[in-house]
Protein chains: 2
Amino acid sequence: MTDRRPRNQKVTLQDVADAAGVSKATASLALRENPRISEPTRMRVLEAVESLGYVYNQRAASLRTRRSYTIGLILKDVSNPFNAELTSGAESQLAGEGYSLLLGTTDDDMDKQARMIKTMLEGDVDGVILSTVTGTALDALRKWSQYCPMILLTQYYSALAVDCVGMDDVNGTERAVEHLIQQGHRRIAFVGGYNSTLTRQRRLQSYRDILRRHKFECDPALDITSPVTRRGGYDAIHQLLSMTSPPSAAYCYSDVIAFGVMLGLRAAGREAGQDFAVIGFDDVPEATLWHPSLTTVSADPRGLGENAAQLMLRRIAEPDLPVKRIIMPSRLIVRDSTAAPVSERLN
Amino acid sequence: MTDRRPRNQKVTLQDVADAAGVSKATASLALRENPRISEPTRMRVLEAVESLGYVYNQRAASLRTRRSYTIGLILKDVSNPFNAELTSGAESQLAGEGYSLLLGTTDDDMDKQARMIKTMLEGDVDGVILSTVTGTALDALRKWSQYCPMILLTQYYSALAVDCVGMDDVNGTERAVEHLIQQGHRRIAFVGGYNSTLTRQRRLQSYRDILRRHKFECDPALDITSPVTRRGGYDAIHQLLSMTSPPSAAYCYSDVIAFGVMLGLRAAGREAGQDFAVIGFDDVPEATLWHPSLTTVSADPRGLGENAAQLMLRRIAEPDLPVKRIIMPSRLIVRDSTAAPVSERLN
DNA sequence: GGGACCTGCTGAATCGATTTACCTGTTATC
DNA sequence: GATAACAGGTAAATCGATTCAGCAGGTCCC
């Protein structure tokens, strides 16, 4: 079948055309199923493609068409299940329209983000879906968004005319914290993440609003920031438990944090759902597997990815449409990691 | 600074040259710091770049240079920490040499793998680092490896002249199973993964060899395959515990499986390290966080990624070098999830 | 003062596709 | 039978860079 030719000497469309006894133009049109090319001719071209082992050169084509059919997706990291789901959602949505995904990670590092965007722009992507690293300047975003269509994930800036898709942090937080309050908890910690993200700012604000609405004390010492890793949650709960007046419940920035908190509780001889209440955010598949299973705010990461992709395709198709912001709904899923505080039950 | 121009009208090198009052050739040479271009001229070019907001077009350049400086990395999924580390290792190694990584995932699906490789080849990557999906045919690999340099991850085929980097499954398995045997375990399950992967085949073979060497029974019912997820491990241990003569220890295909097993044990009212022994494979960061912490075989995923990248760069630089296979050493890290079986301790 | 050599730059070909405008026979139409 | 319409193809320009082979002008040296 495919004849082995020297590595550097690739088969080009011209070779295919020669082998099929047609012009390069005809070969091109035949492959793109242009109706002007007759069926017999198209078959000859396809046979030539097969026998020569021709590989289409997307780079060359995109030079001429000025479309690369690649979308960049830049995330802080992909190793957490939320982002993995999001990626998968975006990818399948784009693949359906003939686009492919170029994935980049920044490790929440500003320099890496800048390099990543530069690489993507130079690689000539048709658009970038971006979850900004903490502390990204508005000016930088404004500049980047001039070079190619851009969709912002979870972050959104009212001062910036850029499409974005986020989730309903306020509502999700309300449901979670209200649930804890109804169980009788009074000292509720807010655990994990960094305040430089807008997402955390919104959730924190909302958490405080609810406590105040109920006229509960809002102790700043119960607000613990940390990396969004199990280790982050683990260390945070240790810190909280060593307080003179520790909390009886933790509302966590993400499921991953919540898992860390549960591990930390156990290391301290405590157990979530028995003598401490834990709520996560994201509802990753692992949440049901834990013992106790994790009460969490479900946020449909896959839907987030799908929506971002759709928004991007829309923007590419019609660059002049007004800015669109999508907020995905979230809901509380009550499982076993939450229970009334011990003091409450003794009464 | 950058003037806003119509989206579709990008700034080209010609524009830069015009603005700097030099030829396109000079502009190109200036940007690549060619010594034939004088410093003053180079400065003028750089200023033009800055003021016009020129973005280098890597696709156009690679058409001429026949080098894209992009390497494809195709994995089954990135959401597990092992692959995330591997990716990060490969990426930083490549970035150091001016290459960037194009990441693709296959979800262990044959069709997706084929599509992914096609996309990558069409996107004109300089090489592909591939962790094959289960059941990939040798012929397919042979064909793909003709189109561009290829490095195989963890899988290796003696019948295929392709570079690869794997880990020392045999040695790692020996250490793990010997450790369990020394603790007094006799019925040891081998849990998780699918036998269609060469990796599992090697580990299973090695596990059996050791049991036989010790003249222990090698019950095929203790060999449980499953998806490489927590859920996989969770379900497997349930199945094992319901046997009439259940095992007292599990050697797991990966840490992720082991976590699932520990969750399953707890759901069944048992506890790893107390009335059951669990060993994982990979030593992901999470392993130390669990309670009990996980005994596991450490396999340096980052090193794996780095080595794969280096091998790729070597192959690109010198295509005619003989095939090279790297086996990364592995070692057993004993933590708290392993302990002597209950029966043993009662004696 | 004439060749050798250097410095700093440019013109034009090139990479591999797409696409427009045009060409050449056939067939249909009146 | 002249002409329009059409079917099936092709030549050549084009996308945005790189790079080779000069070229003009100056310096050096015997």
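In what follows, every chain begins at residue 1, and chains take the letters A, B, ... in the order their sequences are listed.
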Tell me the interatomic distance from [X], atom [atom1], to [N], atom [atom2], rounded to whole angstroms.
X	N	atom1	atom2	value
B:N34	C:dT10	CG	P	13 Å
B:R42	C:dT7	CZ	P	17 Å
A:K10	C:dA17	NZ	P	10 Å
A:L29	C:dT18	CG	P	8 Å
B:R64	C:dA17	CZ	C1'	16 Å
A:L63	C:dT14	CG	P	17 Å

So, do [X] and [Y] sit near enough that their side-chain heavy atoms are less than 4.5 Å apart?
X	Y	value
A:L73	A:L94	no
A:L103	B:L102	no
A:L75	A:L130	no

Residue from B:E306, B:R302, B:Q310 passing side chain to side chain donor-acceptor pair (under 3.5 Å) with B:Q93: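 Between B:Q93 and the candidates, side chain to side chain donor-acceptor pair (under 3.5 Å) is satisfied uniquely by B:Q310.
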Divergence of helical axes at both termini of the helix from C:dG1-D:dC30 to C:dC30-D:dG1 - five pairs an end, 10° steps: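 Between the axes fitted at each end of the helix from C:dG1-D:dC30 to C:dC30-D:dG1 lies an angle of 50°.
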Base, sugar-phosphate, or nothing: which does [X] touch, judged by heavy atoms less than 4.0 Å apart?
X	result
A:T26	base
B:S28	base
A:A25	base
A:T41	sugar-phosphate
B:R59	nothing
B:A60	base

Side-chain N or O of B:S38 closer than 4.0 Å to phosphate OP1/OP2 of C:dG8: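 Answer no for this pair, as no side-chain N or O of B:S38 is under 4.0 Å from OP1 or OP2.
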Can any side-chain N or O of [X] pair as donor or acceptor with the backbone N or O of [Y] at less than 3.5 Å?
X	Y	answer
B:D108	B:V133	no
A:D77	A:D107	no
A:D109	A:T106	no

Electrostatic pair A:E39-A:R42, nearest N-O below 4.0 angstrom: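 Yes, charged N to carboxylate O under 4.0 Å.
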Presence of salt bridge, B:R314 and B:E318, under 4.0 angstrom: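 So B:E318 does not pair with B:R314 through a salt bridge.
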Minimum-distance nucleotide to A:R36 side chain [options: C:dC22, C:dT18, C:dT10]: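 The closest nucleotide is C:dC22.
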Any donor-acceptor N or O pair under 3.5 Å, side chains A:S68, A:D126: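 Yes, side-chain donor-acceptor contact under 3.5 Å.
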Nucleotides bounding contact with chain A, strand DNA chain D, heavy-atom threshold 4.0 Å: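 Listed 5' to 3', the contact boundaries are D:dG8 to D:dG16.
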Position toward the 5' end of DNA chain D (nearest nucleotide), B:N57 or A:A27: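 Counting from the 5' end, the first nearest nucleotide belongs to A:A27.
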